[in-house]
A.B. asks: 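Okay, here's the structure, questions in a sec.
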There are 2 protein chains.
Amino acid sequence: MRNSIQLTLPDWAPAFIASYPSHLSTLQDRLYFVLALTRKNIEAKTGGPFGAAVFETKSGKLISVGVNRVISEQISSAHAEVMALSFAQKKLETYDLGSSGLPEHQLVVNAHMCAMCLGAVCWSGIKSVVYSATSRDVEKITGFDEGPLPENTHSALSSRGIAVTGPFMEKEGIDVLQLYVKEGGVIYNARS
Amino acid sequence: MRNSIQLTLPDWAPAFIASYPSHLSTLQDRLYFVLALTRKNIEAKTGGPFGAAVFETKSGKLISVGVNRVISEQISSAHAEVMALSFAQKKLETYDLGSSGLPEHQLVVNAHMCAMCLGAVCWSGIKSVVYSATSRDVEKITGFDEGPLPENTHSALSSRGIAVTGPFMEKEGIDVLQLYVKEGGVIYNARS
(Lines give C-alpha, C1' and ligand atoms only; values in the text may rest on other atoms or scores of the structure.)
Protein backbone atom coordinates (compact mmCIF):
# COMPACT_ATOMS: atom_id res chain seq x y z
CA MET A 1 0.00 0.00 0.00
CA ARG A 2 1.28 3.45 -0.86
CA ASN A 3 2.01 5.75 2.08
CA SER A 4 1.61 9.12 0.40
CA ILE A 5 -0.40 10.76 -2.33
CA GLN A 6 -0.07 14.06 -4.16
CA LEU A 7 -2.42 16.93 -4.84
CA THR A 8 -1.29 18.77 -7.95
CA LEU A 9 -2.33 22.00 -9.61
CA PRO A 10 -2.50 22.15 -13.42
CA ASP A 11 0.77 22.74 -15.30
CA TRP A 12 -0.47 26.14 -16.44
CA ALA A 13 -1.00 27.44 -12.88
CA PRO A 14 2.44 29.02 -12.19
CA ALA A 15 2.44 31.02 -15.46
CA PHE A 16 -1.16 32.06 -14.87
CA ILE A 17 -0.31 33.38 -11.40
CA ALA A 18 2.82 35.10 -12.66
CA SER A 19 0.76 37.04 -15.20
CA TYR A 20 -1.05 38.90 -12.37
CA PRO A 21 0.21 41.40 -9.79
CA SER A 22 1.35 39.87 -6.49
CA HIS A 23 -1.29 41.93 -4.63
CA LEU A 24 -4.94 42.53 -5.59
CA SER A 25 -6.33 45.29 -3.44
CA THR A 26 -10.06 45.30 -4.23
CA LEU A 27 -12.65 42.55 -3.78
CA GLN A 28 -13.60 43.03 -7.41
CA ASP A 29 -10.02 42.44 -8.61
CA ARG A 30 -9.76 39.32 -6.44
CA LEU A 31 -13.00 37.94 -7.83
CA TYR A 32 -12.00 38.74 -11.44
CA PHE A 33 -8.79 36.82 -10.79
CA VAL A 34 -10.66 33.79 -9.41
CA LEU A 35 -13.18 33.85 -12.25
CA ALA A 36 -10.35 33.96 -14.80
CA LEU A 37 -8.64 31.09 -12.96
CA THR A 38 -11.84 29.05 -13.11
CA ARG A 39 -12.34 29.87 -16.78
CA LYS A 40 -8.78 28.72 -17.50
CA ASN A 41 -9.45 25.42 -15.70
CA ILE A 42 -12.50 24.87 -17.90
CA GLU A 43 -10.83 25.87 -21.17
CA ALA A 44 -7.72 23.80 -20.46
CA LYS A 45 -9.98 20.88 -19.48
CA THR A 46 -8.02 20.36 -16.28
CA GLY A 47 -10.99 20.10 -13.92
CA GLY A 48 -14.47 21.20 -12.92
CA PRO A 49 -15.82 24.77 -12.99
CA PHE A 50 -14.55 25.85 -9.61
CA GLY A 51 -11.66 28.07 -8.58
CA ALA A 52 -10.50 29.61 -5.32
CA ALA A 53 -7.71 31.74 -3.95
CA VAL A 54 -6.43 32.71 -0.53
CA PHE A 55 -5.40 36.33 0.01
CA GLU A 56 -4.13 38.36 2.92
CA THR A 57 -7.35 40.25 3.62
CA LYS A 58 -5.88 43.71 4.11
CA SER A 59 -2.88 43.79 1.81
CA GLY A 60 -4.44 41.68 -0.94
CA LYS A 61 -1.28 39.58 -1.22
CA LEU A 62 -2.03 36.37 -3.12
CA ILE A 63 -1.05 33.37 -1.00
CA SER A 64 -2.37 30.39 -2.98
CA VAL A 65 -4.79 29.22 -5.61
CA GLY A 66 -6.89 26.09 -6.03
CA VAL A 67 -9.00 24.66 -8.83
CA ASN A 68 -11.24 21.63 -8.94
CA ARG A 69 -9.07 18.60 -9.70
CA VAL A 70 -11.46 15.75 -8.89
CA ILE A 71 -11.25 13.91 -12.20
CA SER A 72 -7.64 14.71 -13.07
CA GLU A 73 -6.33 13.69 -9.62
CA GLN A 74 -8.94 10.93 -9.07
CA ILE A 75 -9.71 12.37 -5.63
CA SER A 76 -13.28 13.43 -4.87
CA SER A 77 -12.14 15.84 -2.14
CA ALA A 78 -9.89 17.77 -4.52
CA HIS A 79 -12.25 20.75 -4.65
CA ALA A 80 -10.91 24.23 -5.37
CA GLU A 81 -11.39 25.40 -1.78
CA VAL A 82 -9.63 22.39 -0.22
CA MET A 83 -6.76 22.81 -2.69
CA ALA A 84 -6.36 26.56 -2.07
CA LEU A 85 -6.55 26.19 1.71
CA SER A 86 -4.10 23.27 1.76
CA PHE A 87 -1.57 25.06 -0.47
CA ALA A 88 -1.83 28.20 1.69
CA GLN A 89 -1.25 26.16 4.84
CA LYS A 90 1.76 24.36 3.37
CA LYS A 91 3.21 27.67 2.22
CA LEU A 92 2.77 29.34 5.59
CA GLU A 93 3.70 26.13 7.44
CA THR A 94 0.61 26.14 9.64
CA TYR A 95 -2.69 24.25 9.65
CA ASP A 96 -4.27 27.42 11.09
CA LEU A 97 -4.37 30.43 8.80
CA GLY A 98 -5.89 32.37 11.70
CA SER A 99 -3.11 31.74 14.17
CA SER A 100 -1.86 34.69 16.15
CA GLY A 101 1.07 36.46 14.52
CA LEU A 102 -0.37 36.00 11.04
CA PRO A 103 -2.39 38.65 9.19
CA GLU A 104 -6.03 37.74 8.51
CA HIS A 105 -6.71 35.58 5.46
CA GLN A 106 -9.62 35.57 3.04
CA LEU A 107 -10.91 32.87 0.70
CA VAL A 108 -12.36 34.05 -2.61
CA VAL A 109 -14.34 31.51 -4.66
CA ASN A 110 -16.27 31.62 -7.93
CA ALA A 111 -19.24 29.81 -6.37
CA HIS A 112 -20.67 29.20 -2.91
CA MET A 113 -19.03 26.37 -0.96
CA CYS A 114 -20.49 22.85 -1.01
CA ALA A 115 -21.15 21.05 2.28
CA MET A 116 -17.62 19.61 2.45
CA CYS A 117 -15.89 22.90 1.71
CA LEU A 118 -18.07 24.75 4.22
CA GLY A 119 -16.69 22.40 6.87
CA ALA A 120 -13.17 22.72 5.47
CA VAL A 121 -13.36 26.51 5.82
CA CYS A 122 -14.33 26.12 9.49
CA TRP A 123 -11.10 24.24 10.29
CA SER A 124 -8.81 26.39 8.15
CA GLY A 125 -8.46 29.57 10.20
CA ILE A 126 -9.84 31.66 7.30
CA LYS A 127 -11.62 34.80 8.58
CA SER A 128 -13.78 35.66 5.57
CA VAL A 129 -15.20 34.11 2.41
CA VAL A 130 -16.34 35.96 -0.72
CA TYR A 131 -18.26 34.12 -3.44
CA SER A 132 -19.81 34.96 -6.78
CA ALA A 133 -22.44 32.40 -7.94
CA THR A 134 -24.85 30.92 -5.40
CA SER A 135 -25.41 27.25 -4.53
CA ARG A 136 -28.71 27.50 -6.38
CA ASP A 137 -26.86 28.77 -9.47
CA VAL A 138 -24.48 25.80 -9.26
CA GLU A 139 -27.24 23.21 -8.87
CA LYS A 140 -29.54 24.79 -11.47
CA ILE A 141 -26.93 25.42 -14.16
CA THR A 142 -24.56 22.47 -13.77
CA GLY A 143 -26.50 19.80 -11.89
CA PHE A 144 -23.74 19.33 -9.29
CA ASP A 145 -25.17 18.44 -5.87
CA GLU A 146 -23.98 20.89 -3.21
CA GLY A 147 -24.60 18.34 -0.47
CA PRO A 148 -26.25 18.54 2.94
CA LEU A 149 -25.61 22.19 3.84
CA PRO A 150 -26.81 23.32 7.28
CA GLU A 151 -29.97 25.46 7.49
CA ASN A 152 -28.27 28.84 7.55
CA THR A 153 -24.74 28.57 6.24
CA HIS A 154 -23.84 32.21 6.82
CA SER A 155 -24.80 32.24 10.50
CA ALA A 156 -23.14 28.82 10.95
CA LEU A 157 -19.91 30.44 9.79
CA SER A 158 -20.34 33.82 11.47
CA SER A 159 -20.84 32.09 14.82
CA ARG A 160 -17.35 30.65 14.22
CA GLY A 161 -15.84 34.04 13.47
CA ILE A 162 -15.99 33.74 9.66
CA ALA A 163 -17.73 36.45 7.63
CA VAL A 164 -19.35 35.37 4.35
CA THR A 165 -20.04 37.89 1.56
CA GLY A 166 -22.02 37.10 -1.59
CA PRO A 167 -23.35 36.71 -4.12
CA PHE A 168 -20.99 39.30 -5.52
CA MET A 169 -20.64 39.78 -9.31
CA GLU A 170 -23.12 36.93 -9.66
CA LYS A 171 -23.71 37.49 -13.37
CA GLU A 172 -20.01 36.89 -14.11
CA GLY A 173 -20.07 33.80 -11.89
CA ILE A 174 -23.04 32.40 -13.77
CA ASP A 175 -21.29 32.99 -17.11
CA VAL A 176 -18.40 30.77 -16.02
CA LEU A 177 -20.71 27.95 -14.89
CA GLN A 178 -22.55 28.16 -18.20
CA LEU A 179 -19.27 27.95 -20.09
CA TYR A 180 -18.56 24.58 -18.42
CA VAL A 181 -21.93 23.20 -19.49
CA LYS A 182 -21.49 24.57 -23.02
CA GLU A 183 -18.06 22.90 -23.25
CA GLY A 184 -19.63 19.57 -22.31
CA GLY A 185 -17.88 19.33 -18.92
CA VAL A 186 -18.52 16.19 -16.88
CA ILE A 187 -21.05 16.44 -14.04
CA TYR A 188 -19.94 13.74 -11.62
CA ASN A 189 -21.60 12.16 -8.61
CA ALA A 190 -24.88 13.93 -9.38
CA ARG A 191 -26.87 11.04 -7.96
CA SER A 192 -30.16 11.47 -6.18
CA MET B 1 4.76 28.87 -5.75
CA ARG B 2 4.80 25.12 -5.36
CA ASN B 3 2.52 23.20 -7.71
CA SER B 4 1.94 20.04 -5.69
CA ILE B 5 1.65 18.96 -2.07
CA GLN B 6 1.70 15.58 -0.40
CA LEU B 7 -0.62 13.82 2.02
CA THR B 8 1.36 11.23 3.96
CA LEU B 9 0.40 8.49 6.38
CA PRO B 10 2.63 7.84 9.42
CA ASP B 11 5.75 5.72 8.90
CA TRP B 12 4.27 2.96 11.06
CA ALA B 13 1.18 2.53 8.86
CA PRO B 14 2.42 -0.16 6.41
CA ALA B 15 3.68 -2.45 9.21
CA PHE B 16 0.47 -1.88 11.17
CA ILE B 17 -1.65 -2.88 8.18
CA ALA B 18 0.56 -5.88 7.45
CA SER B 19 -0.02 -7.19 10.99
CA TYR B 20 -3.73 -7.72 10.21
CA PRO B 21 -5.51 -10.11 7.83
CA SER B 22 -6.21 -8.70 4.35
CA HIS B 23 -9.95 -9.23 4.89
CA LEU B 24 -12.04 -8.43 7.98
CA SER B 25 -15.42 -10.04 7.61
CA THR B 26 -17.44 -8.69 10.54
CA LEU B 27 -18.36 -5.11 11.43
CA GLN B 28 -16.91 -5.73 14.87
CA ASP B 29 -13.54 -6.79 13.46
CA ARG B 30 -13.47 -3.75 11.18
CA LEU B 31 -14.21 -1.41 14.06
CA TYR B 32 -11.62 -3.08 16.32
CA PHE B 33 -9.10 -2.52 13.53
CA VAL B 34 -10.00 1.16 13.19
CA LEU B 35 -9.94 1.69 16.95
CA ALA B 36 -6.49 0.08 17.16
CA LEU B 37 -5.36 2.26 14.25
CA THR B 38 -6.58 5.38 16.07
CA ARG B 39 -4.95 4.28 19.32
CA LYS B 40 -1.66 3.79 17.47
CA ASN B 41 -1.91 7.32 16.01
CA ILE B 42 -2.37 8.71 19.51
CA GLU B 43 0.41 6.65 21.11
CA ALA B 44 2.88 7.39 18.32
CA LYS B 45 1.90 11.08 18.55
CA THR B 46 1.44 11.24 14.79
CA GLY B 47 -1.94 13.02 14.81
CA GLY B 48 -5.34 13.57 16.35
CA PRO B 49 -7.61 10.86 17.83
CA PHE B 50 -9.31 9.88 14.59
CA GLY B 51 -8.91 6.87 12.33
CA ALA B 52 -10.78 5.51 9.34
CA ALA B 53 -10.61 2.66 6.86
CA VAL B 54 -12.29 1.79 3.57
CA PHE B 55 -13.37 -1.82 3.06
CA GLU B 56 -15.15 -3.72 0.33
CA THR B 57 -18.50 -4.03 2.10
CA LYS B 58 -19.20 -7.69 1.32
CA SER B 59 -15.77 -9.30 1.22
CA GLY B 60 -14.28 -7.18 4.00
CA LYS B 61 -11.15 -6.59 1.93
CA LEU B 62 -9.18 -3.66 3.38
CA ILE B 63 -8.64 -1.03 0.69
CA SER B 64 -7.10 1.89 2.57
CA VAL B 65 -6.61 3.53 5.95
CA GLY B 66 -6.50 7.13 7.11
CA VAL B 67 -5.61 8.85 10.34
CA ASN B 68 -5.84 12.48 11.38
CA ARG B 69 -2.69 14.25 10.15
CA VAL B 70 -3.67 17.90 10.61
CA ILE B 71 -0.72 18.98 12.73
CA SER B 72 1.93 16.69 11.27
CA GLU B 73 1.07 17.60 7.67
CA GLN B 74 0.09 21.22 8.46
CA ILE B 75 -3.15 20.74 6.51
CA SER B 76 -6.45 21.32 8.30
CA SER B 77 -8.36 19.09 5.85
CA ALA B 78 -6.13 16.07 6.57
CA HIS B 79 -8.83 14.33 8.59
CA ALA B 80 -8.87 10.53 8.83
CA GLU B 81 -11.90 10.19 6.55
CA VAL B 82 -10.50 12.45 3.82
CA MET B 83 -7.20 10.56 3.98
CA ALA B 84 -8.81 7.09 3.81
CA LEU B 85 -11.16 8.06 0.96
CA SER B 86 -8.37 9.74 -1.03
CA PHE B 87 -6.00 6.79 -0.63
CA ALA B 88 -8.78 4.37 -1.66
CA GLN B 89 -9.55 6.45 -4.74
CA LYS B 90 -5.90 6.67 -5.76
CA LYS B 91 -5.52 2.90 -5.30
CA LEU B 92 -8.60 2.07 -7.36
CA GLU B 93 -7.84 4.88 -9.83
CA THR B 94 -11.28 6.45 -9.60
CA TYR B 95 -12.76 9.47 -7.83
CA ASP B 96 -15.97 7.46 -7.48
CA LEU B 97 -15.80 4.42 -5.18
CA GLY B 98 -19.42 3.69 -6.18
CA SER B 99 -18.84 3.54 -9.91
CA SER B 100 -20.42 0.65 -11.78
CA GLY B 101 -18.14 -2.34 -12.09
CA LEU B 102 -16.76 -1.86 -8.58
CA PRO B 103 -18.00 -3.73 -5.50
CA GLU B 104 -19.67 -1.57 -2.85
CA HIS B 105 -17.37 0.18 -0.39
CA GLN B 106 -17.81 1.02 3.28
CA LEU B 107 -16.12 3.63 5.46
CA VAL B 108 -15.50 2.63 9.09
CA VAL B 109 -14.55 5.41 11.52
CA ASN B 110 -13.83 5.62 15.24
CA ALA B 111 -16.07 8.66 15.63
CA HIS B 112 -18.93 10.31 13.79
CA MET B 113 -17.93 12.50 10.85
CA CYS B 114 -17.48 16.26 11.28
CA ALA B 115 -19.26 18.64 8.89
CA MET B 116 -16.42 18.56 6.34
CA CYS B 117 -16.12 14.78 6.32
CA LEU B 118 -19.89 14.35 6.02
CA GLY B 119 -19.68 16.32 2.79
CA ALA B 120 -16.57 14.42 1.70
CA VAL B 121 -18.43 11.12 2.12
CA CYS B 122 -21.22 12.40 -0.14
CA TRP B 123 -18.80 12.94 -3.08
CA SER B 124 -16.79 9.75 -2.54
CA GLY B 125 -19.08 7.02 -3.83
CA ILE B 126 -19.03 5.26 -0.44
CA LYS B 127 -22.27 3.33 0.16
CA SER B 128 -22.20 2.97 3.94
CA VAL B 129 -20.56 4.46 7.02
CA VAL B 130 -20.12 2.78 10.40
CA TYR B 131 -18.98 4.79 13.42
CA SER B 132 -18.25 4.17 17.07
CA ALA B 133 -18.28 7.35 19.22
CA THR B 134 -20.88 10.04 18.55
CA SER B 135 -20.35 13.70 17.69
CA ARG B 136 -21.50 14.52 21.20
CA ASP B 137 -18.83 12.17 22.61
CA VAL B 138 -16.19 13.95 20.53
CA GLU B 139 -17.25 17.44 21.56
CA LYS B 140 -17.80 16.54 25.21
CA ILE B 141 -14.61 14.52 25.74
CA THR B 142 -12.09 16.30 23.52
CA GLY B 143 -13.51 19.78 22.89
CA PHE B 144 -13.07 19.49 19.11
CA ASP B 145 -15.82 21.38 17.27
CA GLU B 146 -17.66 19.07 14.83
CA GLY B 147 -18.76 22.03 12.75
CA PRO B 148 -22.08 23.03 11.19
CA LEU B 149 -23.67 19.63 10.66
CA PRO B 150 -27.08 19.59 8.93
CA GLU B 151 -30.20 18.95 11.05
CA ASN B 152 -30.43 15.21 10.46
CA THR B 153 -27.14 13.85 9.22
CA HIS B 154 -28.35 10.28 8.75
CA SER B 155 -31.30 11.19 6.53
CA ALA B 156 -29.12 13.70 4.65
CA LEU B 157 -26.85 10.77 3.75
CA SER B 158 -29.54 8.12 3.24
CA SER B 159 -31.28 10.40 0.72
CA ARG B 160 -28.00 10.22 -1.22
CA GLY B 161 -27.86 6.42 -1.08
CA ILE B 162 -25.47 6.20 1.89
CA ALA B 163 -26.45 4.13 4.94
CA VAL B 164 -25.06 5.26 8.32
CA THR B 165 -24.78 2.84 11.26
CA GLY B 166 -23.85 3.88 14.79
CA PRO B 167 -22.99 4.41 17.50
CA PHE B 168 -21.56 0.88 17.48
CA MET B 169 -19.17 -0.27 20.23
CA GLU B 170 -19.47 3.27 21.62
CA LYS B 171 -17.76 2.43 24.92
CA GLU B 172 -14.58 1.40 23.08
CA GLY B 173 -14.78 4.54 20.97
CA ILE B 174 -15.05 6.72 24.05
CA ASP B 175 -12.02 4.98 25.60
CA VAL B 176 -9.87 6.00 22.65
CA LEU B 177 -10.99 9.65 22.80
CA GLN B 178 -10.25 9.69 26.52
CA LEU B 179 -6.78 8.29 25.89
CA TYR B 180 -6.01 11.30 23.67
CA VAL B 181 -7.03 13.75 26.38
CA LYS B 182 -5.09 11.80 28.99
CA GLU B 183 -1.97 11.90 26.78
CA GLY B 184 -2.30 15.69 26.52
CA GLY B 185 -3.14 15.71 22.81
CA VAL B 186 -3.59 19.11 21.17
CA ILE B 187 -7.16 20.32 20.63
CA TYR B 188 -6.85 22.68 17.66
CA ASN B 189 -9.21 25.25 16.16
CA ALA B 190 -11.63 24.85 19.08
CA ARG B 191 -12.73 28.47 18.79
CA SER B 192 -16.24 29.63 19.50
A.B. asks: Between A/Val34 and A/Leu177, is there a shared hydrophobic cluster once you connect ILVMFWY residues whose side-chain heavy atoms come closer than 4.5 Å?
C.D. replies: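 Yes, A/Val34 connects to A/Leu177 through the hydrophobic network.
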A.B. asks: Any side-chain heavy atom of A/Pro148 sitting closer than 4.5 Å to one from B/Leu118?
C.D. replies: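 Side-chain contact under 4.5 Å: yes.
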A.B. asks: Measure the spacing between CD of A/Gln74 and CG of B/Asp96 and express it to the nearest 0.5 Å.
C.D. replies: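 It is 9.5 Å, given to the nearest 0.5 Å.
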A.B. asks: Chain B heavy atoms under 4.5 Å from A/Leu92: which part of the residue, side chain, backbone, both or neither?
C.D. replies: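 Neither part; nothing is under 4.5 Å.
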A.B. asks: Please classify the contact of A/Ile71 with chain B as side chain, backbone, both or neither, using a heavy-atom distance under 4.5 Å.
C.D. replies: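 Both parts, heavy atoms under 4.5 Å.
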A.B. asks: Can you check whether B/Thr8's main-chain N or O pairs, donor with acceptor, with A/Asn3's side chain at less than 3.5 Å?
C.D. replies: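 Side chain of A/Asn3 to backbone of B/Thr8: no pair is present.
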A.B. asks: For residues A/Tyr95 and B/Tyr180: do they belong to one hydrophobic cluster (side chain heavy atoms under 4.5 Å, members Ile, Leu, Val, Met, Phe, Trp, Tyr)?
C.D. replies: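 Hydrophobic grouping puts A/Tyr95 with B/Tyr180.
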A.B. asks: Tell me, for B/Ile17 versus chain A, whether the close heavy atoms (under 4.5 Å) come from the side chain, the backbone, both or neither.
C.D. replies: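 Only the side chain of B/Ile17 comes within 4.5 Å of chain A.
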A.B. asks: Under a single-linkage definition using a 4.5 Å side-chain heavy-atom cutoff for Ile, Leu, Val, Met, Phe, Trp and Tyr, are A/Ile174 and A/Phe33 assigned to the same hydrophobic cluster?
C.D. replies: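 Per the 4.5 Å side-chain linkage, A/Ile174 and A/Phe33 are co-clustered.
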A.B. asks: Please look at A/Glu151 and chain B and tell me whether the side chain, the backbone, both or neither of the residue comes under 4.5 angstrom of a heavy atom of that chain.
C.D. replies: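 Looking at A/Glu151, just its side chain touches chain B.
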A.B. asks: Which of the residues B/Ala18, B/Pro14, B/Ala13 is involved in the greatest number of heavy-atom pairs with chain A at under 4.5 angstrom?
C.D. replies: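 Option with the top pair count is B/Pro14.
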A.B. asks: Counting only heavy atoms from other residues, nucleotides and ligands, does the tally under 6.0 Å from NZ of B/Lys61 exceed 12?
C.D. replies: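 Incorrect, the count does not exceed 12.
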A.B. asks: So which of B/Leu9, B/Ile5, B/Val65 has the largest heavy-atom pair count under 4.5 angstrom toward chain A?
C.D. replies: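 Greatest number of close heavy-atom pairs with chain A: B/Ile5.
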A.B. asks: Considering only heavy atoms, which portion of A/Ile126 lies under 4.5 Å from any heavy atom of chain B: side chain, backbone, both, or neither?
C.D. replies: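 The answer is neither part of A/Ile126.
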A.B. asks: Any idea which heavy atoms bring B/Trp123 and A/Ser76 closest together, and the distance?
C.D. replies: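 The answer is O-CB, 3.2 Å.
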A.B. asks: Minimum heavy-atom separation for B/Lys90 to A/Ile75, with atom names?
C.D. replies: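 For B/Lys90 and A/Ile75, the tightest heavy-atom pair comes out as CE-CD1, 3.8 Å.
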A.B. asks: Side-chain heavy atoms under 4.5 angstrom apart, residues restricted to Ile, Leu, Val, Met, Phe, Trp, Tyr: same cluster for A/Phe168 and A/Val54?
C.D. replies: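 Unlinked, A/Phe168 and A/Val54 end up in two clusters.
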A.B. asks: Could you have a look at A/Ser4, A/Ser77, A/Ala120 and say which one has the most heavy-atom pairs with chain B under 4.5 angstrom?
C.D. replies: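 Between A/Ser4, A/Ser77, A/Ala120, the count favours A/Ser4.
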A.B. asks: Is there a path of hydrophobic side-chain contacts, each under 4.5 Å between heavy atoms, that joins A/Val67 and A/Met83?
C.D. replies: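 Yes, A/Val67 and A/Met83 fall within the same hydrophobic cluster.
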A.B. asks: I need the residue from A/Ala115, A/Ala88, A/Pro150, A/Cys117 with the largest number of non-hydrogen atom pairs under 4.5 Å to chain B.
C.D. replies: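 Looking at each of A/Ala115, A/Ala88, A/Pro150, A/Cys117 in turn, A/Pro150 comes out on top.
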A.B. asks: Rounded at 0.5 Å granularity, tell me how far SG in B/Cys114 sits from CE in A/Met116.
C.D. replies: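 Going from the SG atom of B/Cys114 to the CE atom of A/Met116 covers 11.0 Å.
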A.B. asks: Nearest 0.5 Å, what's the CZ-CG distance between A/Arg160 and B/Asp145?
C.D. replies: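 The CG atom of B/Asp145 is 4.5 Å from CZ of A/Arg160, to the nearest 0.5 Å.
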A.B. asks: Between OG of A/Ser64 and CZ of B/Arg2, what distance do you get to the nearest 0.5 Å?
C.D. replies: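 It comes to 10.5 Å.
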